[in-house]
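Hydrogens, waters and symmetry mates are skipped; everything else that's a heavy atom, side chains included, is used. Note that ligands are numbered from 1 as they come in the structure, with each ligand's atoms numbered from 1 the same way.
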Amino acid sequence: MRMALGESLLLYGLGAGAAAAFGLPALKSRLELSRAKHRSLAGHARLARRVAALVPGYAYGEDRFFSVDGAPTEVERRRRDGFARLSSLYRTRYARTLAVTESAKEALSDLQFTAAYRVPFQFSAHVRQHLPVGAFLAESAGPILEDLDGNRFYDLAGSYGVNVFGHDFYKSCMAEGAARAARLGPVLGAYHPAVEYNVRRLRQVSGLDEVSFHMSGTEAVMQAVRLARYHTRRSHLVRFCGAYHGWWEDVQPGVGNPLPSRTTYTLKDMDEDSLRVLARRRDIACVLVNPVQALYPNSAAPADGSLVDSGRRASFDRAKYAAWLARLREICSERGIALILDEIFVGFRLAPGGAQQYFGVRADMVTYGKTVAGGFPVGVVCGRREFMRRFDEARPADICFARGTFNSHPYVMASMQVFLERLGAMSHWYDGLDERWNARAARLNRTLEDAGLPVRVANLSSIWTVLYTRASRYNWLFQYYLRANGLALSWIGTGRLIFSFDYTDDDFAAVAERFVAAARDMERDGWWWSSPDATNRSIRRQILREMIRQRL
Ligand SMILES: Cc1ncc(COP(=O)(O)O)c(C=O)c1O
């Protein structure tokens, strides 16, 4: 904390120009780096870890849970009734799914984590006790999911982004892939012939020279960064504030990682100060870009676990983001920095040629994952030859090692082949894609506005997020009303809705109807009551006071 404060004082008291005038290049470079960090905690990885360690755990009991915002007794009573109704509906309607979830949760660490972080921690214990969410499903068909009790939901979770063309498409890719791979079976080391096809097609899709296969997106990113370091002989990677690139240490330098990374710079997204750092520093091997950040630059992926107020912001400007990528491209080329476009999420969702095509930019390396193996787990790196080579003929002992037992698994490769073969036949989905999803978002927003409901949506094509227009401490509860109305969200709640392309207008109309019904239910139950002087700022201050009181 002292370091950051010192940096700020120097920055504002002395300034980079003055440092240069005094002939202090190291200081100037340090100041430039400080200036290129986003002012939020997300922009200061080390400071964020220290602050996170200070946040005390505490939970609202029954007495505060319903009126932490000072709601009058009548509103509190509506909330209590609404919560009891919701709780009883969850317990009866989802009984079997919940029983299996509870049984697995005991020893399934992942499930314990997602259950705890579905809502802000102050509310979490009470919610877990009274509104447990089932984590098991039995079936999918089109955009519909069915749980173990036979309840049907529209799928707004999108399998973390894997589901671009609809579940039925992936079922078919996986089945045909399995049939093609069956003769070779589980043999690893040597390749299934599908690999040769996949390499050829991925070169066409990416416009890049070479390809490597990995078992997850995280590993693909690891390998791309490692190659950039190997070839540039430089230590640092640049990522932009808030961007997710998997859970490997160096791409998660702050909260969430027990060891802070010392070879990562987290810089402001879409900001000239960051370009200045790229143009001057000599230790930068690569810049990692996750294009989904275009929807919420400098913010972490929105999740209801951190939805403590109504401060979530999002909007997308394609031309502006394309211009930013063009500037990055220019500077990376000038400075010999590898530009890595991490398309693991947005890849085939924006255009058949991915984000490179959509934003009109050419990267040195591109990572793909999620959807590209037709439903099986995978990570892919495509890159220019000079970055992809893992050895150096002139220095035979100097290699860049990367392996993985299951990379190029026959079933995965065969299913990827089916996916890539069928991609051409999917081109009709891309015609008018953005217009379709933008129109749907606009229509839903108009309905919400006309109904006087304090909810809106923002979108980057088929990737949506929910915004709240009235200062409230209870927005996180909306995900539970959506579920009760037959809409399935991922555990991060309303932060991200991911639609598959097979949603017909009728499907979407049904989703919109349920969405509005859920918002009406939430309004009826009093959760969006707000005192006239409540603001997002006053809410955050209240929480800060609670934390300080708790620590003292
Ligand atoms: C942009 C991006 N990069 C990397 C990853 C990590 O991929 P995986 O979960 O397959 O390890 C993800 C996953 O969500 C992602 O969205």
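The aromatic rings of Tyr411 and His409 sit tilted relative to each other, their planes meeting at an angle between 30° and 60°.
The list of salt bridge (Lys or Arg N to Asp or Glu O under 4.0 Å) pairs with a residue in residues 226-236, not counting sequence neighbours, reads Arg229-Asp250, Arg233-Asp398. Within the structure, every pair that satisfies the ring pair (Phe, Tyr, Trp, His ring centres under 6.0 Å) test and touches residues 249-268, not counting sequence neighbours, is listed here: His236-Tyr265.
Under the side chain to side chain donor-acceptor pair (under 3.5 Å) criterion, Arg514 pairs with no residue, sequence neighbours left out.
Of the charged side-chain nitrogens involved, none lies within less than 4.0 Å of a carboxylate oxygen, so that Asp273 and Arg35 do not count as a salt-bridged pair.
Under 4.0 Å from any atom of ligand 1, one finds heavy atoms of residues Ser216, Gly217, Thr218, Tyr244, His245, Gly246, Asn290, Asp342, Ile344, Phe345, Lys370.
Ser461 and Tyr358 are not linked by any side-chain donor-acceptor pair at a separation below 3.5 angstrom, with hydrogens and angles left out of the test.
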